[in-house]
2 protein chains.
Amino acid sequence: MLAKSSTELVRQQNSALVLSALRRHGRLAHTEISDATGLASATISSITADLERARIIEKSEQQATVGRGRPRVLFSQRRNCGYLITVIISSDLIQYSLVDYAGTLLDRFSEPRGEGGTAAFLATISAGLERAVERSRIDRGSVLLVSVSSKGIAHPSEPVLVWSPVFGSQPVDFAAALKDGWHAKVILNNETLLVAGALLEREVKTQGGGEPVLAALSLGHSIGLGIARRVAGGVPEISAPNFGHMLHMPSGGLCRCGARGCVEAYAGFYAILRAAFEVPVDTIPAKFVPVAEIDKIAARARQGNRMAQLAFRNAGAALGYGLSRLLSLHGHMPVFITGPGTRYQDLLQAGIEEGLAQTHVVRLGGMPGLTVVPDEPSLVFEGHLNLAFSIVDQDIIGSRQSMQAAGE
Amino acid sequence: MLAKSSTELVRQQNSALVLSALRRHGRLAHTEISDATGLASATISSITADLERARIIEKSEQQATVGRGRPRVLFSQRRNCGYLITVIISSDLIQYSLVDYAGTLLDRFSEPRGEGGTAAFLATISAGLERAVERSRIDRGSVLLVSVSSKGIAHPSEPVLVWSPVFGSQPVDFAAALKDGWHAKVILNNETLLVAGALLEREVKTQGGGEPVLAALSLGHSIGLGIARRVAGGVPEISAPNFGHMLHMPSGGLCRCGARGCVEAYAGFYAILRAAFEVPVDTIPAKFVPVAEIDKIAARARQGNRMAQLAFRNAGAALGYGLSRLLSLHGHMPVFITGPGTRYQDLLQAGIEEGLAQTHVVRLGGMPGLTVVPDEPSLVFEGHLNLAFSIVDQDIIGSRQSMQAAGE
DNA sequence: AGCTTTTTTCTCGACAGTCGAGAAATTAGA
DNA sequence: TCTAATTTCTCGACTGTCGAGAAAAAAGCT
């Protein structure tokens with residue numbers, strides 16, 4: 001069923017367009033906004049006047065005043081229009097970042113994630129959020145959005161972690177981490193989904209004509225995958241399929257998730273460890289493997305140790321077969337590999353390519369582009385900002401009465 | 001990048017809404033359209049007046065005149081506003097159907113698809129299309145759309161068959177089947193994609209609140225899969241992943257496509273034949289297997305023949321593992337099984353469930369709904385109409401100047 | 001038959017939004 | 001001080017949606 005349209009929705013859409021142009025380029029003049037959005041100059045006047053009245057954007061006083069003619073007035077987001085907190089959960093740490101509405105990082109700190117069940121975990125996060133606002137003396141009510149990322153599977157609409165390596169299928173509802181005084185919306189996304197979104201945005205920025213779809217593959221203790229697709233004239237579509245726990249080998253090695261034969265049970269760090277030491281594949285996987293441990297195996301492999309080489313090669317093959325299935329089911333697309341596992345790319349590459357090579361998709365469409373992108377943490381943060389601000393902007397514009405009221 | 005909006009687009013969107021309501025319910029009164037679309041009565045007046053002026057819809061004279069009050073005037077599509085030809089290509093036949101703008105079937109005939117290369121094949125279709133318009137004495141120029149379906153992989157935007165069981169990776173461009181005098185747009189879609197689209201539309205009609213996503217699995221000589229997803233307030237999103245040639249078993253049985261270990265090489269009719277007769281899995285697959293042949297094997301299996309039973313069970317397992325991968329990469333969704341292979345469902349079922357059961361997605365989300373829907377041909381045709389008319393309507397509305405001009 | 005009731009369609013004016021054109025503003029340079 | 005250049009701002013025309021109520025037309029009632 002299609003949705004009906006109206007003139008008000010037109011204004012909403014075009015306001016969003018103006019804000020997103022401001023996000024992308026930061027601090028724009030009237031004419032520049034007009035060029036970037038394709039809207040008529042008069043429309044820009046009207047929209048910016050509205051947004052200014054609603055205290056969402058402001059004219060920045062400092063103007064470079066270069067060239068002749070009437071000096072341009074630059075618009076930018078009002079910094080204290082609202083705040084955003086990103087919460088990046090990794091296996092041992094939780095990182096909190098406080099960002100203002102203009103997108104500048106105000107504060108960042110990390111805390112150990114601690115032991116205990118989901119309740120203790122949520123309490124830790126709750127405390128972390130409190131600390132974040134108190135350190136910068138910010139009103140809880142002015143935090144518009146808390147954007148959480150984690151490994152595992154997020155509920156498609158609620159901020160609930162449906163499955164995670166640590167808590168299994170015990171659900172974690174991050175909305176419960178906000179106590180009284182907070183009005184923020186909470187969103188939760190898979191970490192690699194954010195990476196895919198960030199990579200897509202980078203592609204768009206550098207060369208607009210790039211392929212509008214890509215996959216991000218994160219290698220580490222667990223295996224993450226995100227897909228980002230730019231659809232014509234709309235908000236990009238990003239998703240995080242359950243790649244790490246897709247079936248690789250029926251009745252195969254035991255996985256941390258309890259099932260058998262998952263991709264992760266062959267390509268995760270613990271699986272590489274298991275294979276290198278010829279431990280039976282049905283032994284319970286190690287909870288956590290220090291990277292140094294895998295580094296040692298990699299060193300042995302690079303010195304010619306057959307068993308170590310085979311461990312990496314089999315891990316690569318599991319990834320390659322998995323990627324071939326991804327391409328079969330989602331269409332051909334380039335793959336960007338990231339995460340701590342990229343340091344073993346030399347040992348994995350052959351297996352990955354072997355796994356891909358023999359399948360129908362690859363024979364038909366050619367080997368997909370495989371690009372290593374090492375700096376995962378900054379991609380995750382970038383992905384947080386992209387996604388979070390697009391939601392915040394949408395929400396702010398959506399609540400039109402606020403704009404009307406502020407106009408008084 | 002978002003697209004800019006304008007008042008004209010609003011009218012386009014709302015006109016499309018009116019036309020789609022007319023498609024769904026056929027022959028509606030002013031008030032009914034208003035109810036169905038949520039638009040104000042005055043807006044309906046304006047839009048219907050426009051569409052009538054543009055000779056797209058008309059008031060149907062015959063009114064049931066039941067109840068008191070001013071009698072309602074019913075609107076419906078003008079039948080001769082344009083025509084649509086669907087071309088359904090199967091392994092041995094090509095079926096042509098001529099449909100008028102109101103959606104009523106005017107003519108239908110089938111022809112053998114013949115032998116020879118792609119050029120001869122296109123010539124056959126070209127002749128078939130000519131025959132279709134001549135039999136009904138319809139002007140070639142008034143055919144708005146030719147909607148073609150086939151097994152295989154269609155190009156995402158062009159009407160080009162990128163890979164097919166018959167022609168392999170030799171491309172077939174159906175646009176070339178239209179000679180001079182034709183102005184029709186040509187679209188090509190995978191057959192099972194249309195089935196998925198039709199099933200989704202049926203779900204929407206019967207119970208609006210059903211899950212907004214489903215997969216259609218077509219079992220036969222080859223294996224087809226379509227996914228249909230209803231996104232909030234938009235046109236449904238349908239796709240046809242390359243499921244049949246997704247990797248099932250590394251270095252496995254030889255497939256018709258030339259690769260090894262595809263799902264089809266275990267679950268296609270020729271694969272069941274191969275397995276039942278214990279032919280080595282690397283023998284060249286049979287070009288075509290009569291259903292009677294598989295029926296015989298099924299009869300033997302039902303009488304307790306172990307080898308025949310195993311052939312079906314393994315086919316089922318290949319499907320089950322494949323479906324588990326589908327659910328991993330596309331999220332949990334119900335599966336509708338169709339095609340000639342559904343007559344062996346009793347023999348396949350156990351294997352399918354076995355393949356699904358052990359994977360992480362199914363352990364987490366439960367066994368997906370598996371529903372058998374036998375009548376594939378009518379689903380294919382339904383899918384053609386759904387998709388084709390949504391495109392035709394969009395095009396007609398999109399060309400606004402035609403509406404203005406006709407208004408003179 | 002004539003009046004009332006009921007239901008539907010049609011019309012009008014208010015309001016929101018976009019656009020093009022051109023006026024107003026403001027600076028650099030002659 | 002004047003002119004050219006450049007940007008912002010404003011005005012009127014146009015398109016579109018909406019609510020309210022007028023107009024139309026059939027059924028029922030007296």
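What you are looking at is a predicted structure, and each value in this text was computed from that prediction instead of being measured. Order of the sequence lines sets the chain letters (A, B, ...), proteins ahead of strands, with each chain counted from 1.
Ion pairing of Glu201(B) with Arg24(B) is present here, as a side-chain N (NZ or NE/NH1/NH2) and a carboxylate O approach within less than 4.0 Å.
Considering CG of Leu387(A) and CD1 of Ile238(A), their distance stands at 4.5 Å, rounded to 0.5 Å. Of the inter-residue distances, the one linking Leu28(B) atom CG with Ile57(B) atom CD1 reads 10.0 Å to the nearest 0.5 angstrom.
No more than 12 heavy atoms of other residues, nucleotides or ligands lie within 6.0 Å of CD in Gln394(A), so this atom counts as exposed by the packing criterion.
For His30(B), there are no ring pair (Phe, Tyr, Trp, His ring centres under 6.0 Å) partners at least two apart in sequence or on another chain.
One finds no side-chain N or O of Lys4(A) lying less than 4.0 angstrom from the OP1 or OP2 phosphate oxygen of dG16(D). Phosphate proximity of dC18(D) to Thr43(B): present, with a side-chain N or O under 4.0 Å from OP1 or OP2. Between Asn14(B) and dG16(D) there is no side-chain N or O to OP1 or OP2 distance below 4.0 Å.
For the pair Leu39(A) CG and dA16(C) P, the interatomic distance rounds to 20 Å; values are reported in whole Å. We find that CG of Asp35(B) is positioned 16 Å from C1' of dC18(D), with the value rounded to whole Å. In this structure, the CD atom of Glu8(B) is 13 Å from the C1' atom of dG20(C), given to the nearest Å. Residue Gln13(B) contributes atom CD, which lies 16 Å from atom C1' of dT15(D) at whole-angstrom precision. The distance between atom CG of Leu9(B) and atom P of dG17(C), rounded to the nearest whole Å, is 16 Å. As rounded to whole Å, 12 Å separates atom C1' of dC19(C) from atom CD1 of Ile44(A). In this structure, the CD atom of Gln12(B) is 13 Å from the C1' atom of dG16(D), given to the nearest Å. In this structure, Leu28(A) atom CG and dT8(D) atom P are separated by 11 Å, rounded to whole Å.
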**Study point:** salt bridge (charged side-chain N to carboxylate O under 4.0 Å, His left out) between Arg79(A) and Glu58(A), intermediate numbers included
**Key:** CA-CA 9 Å; Arg79(A) 299 198 166 287; Glu58(A) 62 188 355; over 6 Å; no
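Applying the salt bridge (Lys or Arg N to Asp or Glu O under 4.0 Å) test to pairs two or more places apart or on separate chains, those with a residue in residues 28-41 of chain A are Glu32(A)-Arg72(A).
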Revision key, fill the gap. A correct 5'-to-3' footprint of nucleotides 7-12 of chain C, with B, S and - meaning base, sugar-phosphate only and no protein heavy atom under 4.0 Å, is BBBBBB
